[in-house]
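So the structure is just underneath, and the comments pick up after that.
Naming: A, B, ... by sequence-line order, numbering from 1 per chain. Bear in mind the structure is a predicted one, so any value in this text is a computation, not a measurement.
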Protein chains: 2
Amino acid sequence: MVQIPNTPPSASPGPRSVPTSADVARLAGVSRATVSYVLNNTSTVRISEPTRRRVLDAARELGYVPHAAARSLRAGHSRMVLMPSPAAPLGPLYGRFVSELQWALGRLDYTVVQYGTTAARGDEAARAWAELRPVAVLVPGTELGPQGVSLLRRSGARAVVTLGPACVDGAHALLMDQAAVGHAAAAHLYARGRRRIGVVVPRDPALETFSRPRLDGARDALRGTGAEITELPLAWTEEDAARLAARWTGLGLDAVFTYDDEYAMLLMRALQDTGVRIPEDTAVIGADDLMLGRLLRPRLSTVRVELPSGADLAALVDRAVRNPGAAPETHRVLGARVVRREST
Amino acid sequence: MVQIPNTPPSASPGPRSVPTSADVARLAGVSRATVSYVLNNTSTVRISEPTRRRVLDAARELGYVPHAAARSLRAGHSRMVLMPSPAAPLGPLYGRFVSELQWALGRLDYTVVQYGTTAARGDEAARAWAELRPVAVLVPGTELGPQGVSLLRRSGARAVVTLGPACVDGAHALLMDQAAVGHAAAAHLYARGRRRIGVVVPRDPALETFSRPRLDGARDALRGTGAEITELPLAWTEEDAARLAARWTGLGLDAVFTYDDEYAMLLMRALQDTGVRIPEDTAVIGADDLMLGRLLRPRLSTVRVELPSGADLAALVDRAVRNPGAAPETHRVLGARVVRREST
DNA sequence: TTGAAAGCGATACCAA
DNA sequence: TTGGTATCGCTTTCAA
């Protein structure tokens, strides 16, 4: 803070300010251009070995670290792939997916950055993302509208990919339609002869983007069959589960789709504690195929969700970045397969 | 749409390039300075209302979005708080903690960015983070050494905070010593009269940073008591759990600390399937106080982990940023409290 | 009230 | 093989 760069050295102590390539150049006795050549291994230019050494030593001595903002400003582009991070943690499946994706994009030399969601919502948020001038943006959920997409594209994003239930104009889409999960669950229960089917809908508003389509998918599967769907709001507490279980007999349901395996465990416990037999009285099916389902007794039937591999999505992103003019691709990527165990 | 900024009009078609403040200025018929004044509501300068309007209209019409890199390059600093994202998802507790933290820092007008960890490890990674010139860096785990800290500080980070088991020279530390968890668990089992205590250690290498200290803490709690600890490696599969359960009687253990509640569930199921009675033959205690523990039968005793609130950490970061010269603070923040239920 | 211009740090062209 | 220099987009003095 005391010593100003680009001025002759002074003996003043205190925290030195951040070294720049000019400082390296000065210490090595060469020009900034040469420093740049050496540190970037520029192939169009050959630097003599002694000079190389002097530059590298100087850089090391100063602890020089290039300034990413300056570099990408000059370059006019970066390799940053931006993903807004979800407002609430979305479970192990999503976490694993993101990890895998990060790794795969890293292999392709992109830098993945999860942007901490601020209060901004929708196109407001898109503006904040656009300020970072990412080369690609991956947006889970339905926050992003067509104007958001066009804003991002106008700001230089060469690929905008939505991961969610619906396409958005101008963006690539990985269609992950949670309705397929509900559909599979309900169809399975129907095939097992069940006709009065409950569907658990978590009260947690953060889960609504998942729970609503899962419910709708279940409805859809049974349309016109004469089977009936009953919506069952359920908070993530033992008390609420006990309340629901207490009025279970009155509901007259012979099956229930519990949104996911964790809610299945919550409800199953409450039902078993009140003497409901599974699957005799009521069949139960969860979703996500978590380990815990296999550990329940009876073993939990579930809907296994198949997400695309991180490598696949990384490849899509890379393709889009290389060829930004191409028409947006739309892929249906959410597979839903029933895994029948003992609870249905 | 066809015209390229900063060059004489040409008829060449193709994707328009990103509008800059110069474009806004030109369209509004004012200078770039004026644009900057208007868009930043600069208070030291008064701009006439008509001019203001013209600038705002022009910006809207062009879909102008400021360039964060250029801005922070000029300003010499940013408000980015960088957190490396863990290589593997770390469970619901950590996820909730990060969410909360993001929100709290957002309230203080920081931008939280989770940096996708590439192959780089340790001080190599610190370099990559330093390139972004974040105002603060929050590093979970033990990846960061003293040299990494000093590199980051030299690169302008005004606060470096480690979240992990140990202090690092020069950095603020939120000491989250997982050993306390193991310690609490073992002490509890001992107090309940158990003397031959198994400790499950997940084989998953990603969990080692947690599992090792939890084991060590348990060892520590029993040192000199005559009670014995047996390390039990366990993979996250039913098969491995069954294998372990099969040789259970031979092990002669009267209690087990299972690393966390999920491993507790896995092992409990395998033990119950082979006829081991819980807690009569073997007491079981998990950790993290997940919902699933309450749903098991017998209800699972557990060690509840108390993390600092996101707001507290955000306040620490803000304090450190405002006063970067201050001595690093070290806080012991991981509380471990046994919640006894029915399995011990 | 507005504009001209100097940089922030890094890179790549053109000369030497 | 190396150096000078214009440039990326933005902010902020200083002058007008």
Side-chain angles (χ1 to χ4, degrees), chain A residues 4-7 17-26 28-55 58-59 62-79 130-133 135 154-156, chain B residues 4-7 17-55 58-59 62-79 130-133 154-156:
Chain A
I4 293 155
N6 304 330
T7 53
S17 74
V18 186
T20 72
S21 75
D23 296 321
V24 177
R26 208 169 310 126
V30 299
S31 75
R32 290 155 63 215
T34 306
V35 170
S36 179
Y37 295 145
V38 170
L39 296 182
N40 295 307
N41 275 315
T42 309
S43 53
T44 62
V45 156
R46 306 187 66 79
I47 301 287
S48 71
E49 197 49 33
T51 310
R52 247 180 73 79
R53 283 246 64 83
R54 283 218 312 285
V55 170
L62 292 177
Y64 170 72
V65 175
H67 192 306
R71 173 181 290 169
S72 69
L73 179 58
R74 171 63 227 236
H77 59 87
S78 74
R79 302 216 19 113
E131 293 193 356
L132 296 183
R133 298 288 192 274
V135 68
R154 278 202 311 272
S155 305
Chain B
I4 293 158
N6 303 330
T7 53
S17 73
V18 185
T20 72
S21 75
D23 297 320
V24 176
R26 207 169 309 128
L27 182 58
V30 299
S31 76
R32 290 154 60 213
T34 306
V35 170
S36 178
Y37 293 145
V38 171
L39 296 182
N40 296 310
N41 276 316
T42 309
S43 54
T44 61
V45 159
R46 305 189 68 77
I47 301 288
S48 69
E49 196 51 31
T51 311
R52 246 180 74 78
R53 282 246 64 84
R54 285 217 311 286
V55 169
L62 292 176
Y64 170 71
V65 175
H67 192 306
R71 171 180 292 171
S72 70
L73 180 57
R74 169 62 222 234
H77 60 86
S78 72
R79 298 203 40 99
E131 293 193 357
L132 297 184
R133 298 288 194 274
R154 278 201 312 272
S155 305

Checklist outcome for this item: Taken to the nearest whole Å, CZ/B/Arg133 to P/C/dG9 is 9 Å
Checklist entry - A/Leu39 CG to D/dT2 C1': how many Å, rounded? => result 15 Å
Checklist entry - Phosphate oxygens OP1/OP2 of C/dT11: is one of them under 4.0 Å from a side-chain N or O of A/Asn40? => result yes
Item to check | Rounded distance (Å) that lies between atom P of D/dT2 and atom CZ of A/Arg54 | outcome: 8 Å
Item to check | For the student: nearest non-hydrogen atoms of A/Asn40 and A/Arg71, plus distance | outcome: OD1-NH2, 3.8 Å
Checklist entry - Rounding to a whole Å, what distance do you find between A/Arg52:CZ and D/dT1:P? => result 13 Å
Next on the checklist: Between B/Arg32 and D/dT11, is there a contact of a side-chain N or O with OP1 or OP2 at under 4.0 Å?
Outcome noted: no
Item to check | Close side-chain approach of A/Thr20 to A/Arg26, heavy-atom, < 4.5 Å | outcome: no
Checklist entry - Considering heavy-atom distances to DNA chain D, does B/Ala69 or B/Tyr37 have its closest nucleotide positioned more toward the 5' end? => result B/Ala69
Checklist entry - Is any side-chain N or O of A/Arg46 under 3.5 Å from a base N or O of D/dT1, one able to act as donor and the other as acceptor? => result no
Item to check | Side chain to side chain, B/His67 and A/Leu73, heavy atoms closer than 4.5 Å | outcome: yes
Checklist entry - Are any of B/Thr20's side-chain N or O atoms less than 4.0 Å away from OP1 or OP2 of D/dG9? => result no
Checklist entry - How long is the line joining CZ of B/Arg74 and C1' of C/dG9, in whole Å? => result 13 Å
Checklist entry - With a 4.0 Å cut-off on heavy atoms, is B/Ser48 in touch with a base, just the backbone sugar-phosphate, or nothing at all? => result sugar-phosphate
Item to check | Sugar-phosphate only, base, or nothing, as touched by A/Val30 at under 4.0 Å among non-hydrogen atoms | outcome: sugar-phosphate
Checklist entry - Can you list the steps and then say if B/Arg133 with A/Val18 is a side chain to side chain contact (heavy atoms under 4.5 Å, CB included)? => result CA-CA 10 Å; B/Arg133 298 288 194 274; A/Val18 186; 3.6 Å; yes
Checklist entry - Between C/dT11 atom P and B/Leu73 atom CG, what is the distance in whole Å? => result 12 Å
Next on the checklist: Under 4.0 Å from OP1 or OP2 of C/dG3: is there any side-chain N or O of B/Ser31 that close?
Outcome noted: yes
Next on the checklist: Nearest whole Å is fine: how far is D/dG9 C1' from B/Tyr64 OH?
Outcome noted: 7 Å
Checklist entry - Is the distance from OP1 or OP2 of D/dG3 to the nearest side-chain N or O of A/Thr34 less than 4.0 Å? => result yes
Checklist outcome for this item: The residue, A/Val45 or A/Ser36, whose nearest nucleotide of DNA chain C is more 5′ is A/Ser36
Checklist entry - Which heavy atom in A/Val65 sits nearest to a heavy atom in B/Ser155, and how many Å separate them? => result CG2-OG, 3.8 Å
Next on the checklist: Assuming nearest nucleotide by heavy-atom distance, tell me which of A/Thr51 and B/Ala33 is located more 5' along DNA chain D.
Outcome noted: A/Thr51
Checklist entry - Starting at NE2 of B/His67 and ending at P of D/dT11, how long is that distance when rounded to a whole Å? => result 12 Å
